[in-house]
Amino acid sequence: MKILAGIFGFIAVVYLAAWLYSLDLLARVGVLLLVVAAAAGLGALTVYCRRAQEQRDRIEEKLDELLNKKGDAK
């Protein structure tokens with residue numbers, strides 16, 4: 001799956017480069033700034049989701065421990 005995503009990402013970059021080449025300098029700078037902003041937002045979202053997943057995993061582990069202790073107490 002990662003290989004397929006890499007191939008499509010490379011194709012998208014090639015098309016983006018070709019499209020940017022057809023624009024004037026000011027439009028290129030504007031589009032590149034938008035791409036950078038989108039990449040930064042996506043990166044922040046990825047970090048947030050990873051942290052939320054880690055917190056969820058910790059909560060599940062604690063819940064399992066509590067349930068095991070409750071089962072042992074009976």
Side-chain angles (χ1 to χ4, degrees):
M1 192 67 174
K2 290 181 182 180
I3 294 173
L4 189 62
I7 291 170
F8 282 117
F10 178 74
I11 291 171
V13 167
V14 169
Y15 277 110
L16 179 65
W19 179 65
L20 284 174
Y21 187 72
S22 69
L23 298 176
D24 65 337
L25 183 61
L26 190 58
R28 287 182 198 174
V29 171
V31 169
L32 287 176
L33 287 174
L34 286 175
V35 168
V36 168
L42 184 61
L45 180 63
T46 302
V47 168
Y48 174 76
C49 289
R50 184 175 297 152
R51 287 182 182 168
Q53 180 66 36
E54 290 171 355
Q55 184 178 10
R56 182 176 163 254
D57 291 342
R58 284 194 302 270
I59 290 171
E60 285 181 355
E61 289 173 5
K62 288 180 182 180
L63 182 60
D64 287 341
E65 289 175 9
L66 289 173
L67 290 175
N68 287 337
K69 286 180 183 178
K70 183 179 180 181
D72 292 340
K74 285 185 178 182

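The structure presented is a predicted model; accordingly, all values stated were derived computationally and were not measured. For the single chain, residues carry numbers from 1 onward in sequence order.
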How would you list, by chain and number, every residue that makes a side chain to side chain contact (heavy atoms under 4.5 Å, CB included) with [X], sequence neighbours excluded?
X: Val35; answer: Leu16, Val31
X: Leu33; answer: Val29
X: Leu66; answer: none

Starting from [X], walk the hydrophobic network (Ile, Leu, Val, Met, Phe, Trp, Tyr; side-chain heavy atoms closer than 4.5 Å) and list everyone else you reach, by chain and number.
X: Leu67; result: Leu63
X: Phe10; result: Val14
X: Tyr48; result: none

Where at least one partner belongs to residues 21-37, residue pairs that pass side chain to side chain donor-acceptor pair (under 3.5 Å), sequence neighbours excluded: none
Qualifying salt bridge (charged side-chain N to carboxylate O under 4.0 Å, His left out) pairs, either residue in residues 55-65, two or more places apart: Arg56-Glu60
Single hit among Leu45, Val47, Thr46 for side-chain contact (heavy atoms from CB on, under 4.5 Å) with Cys49: Leu45
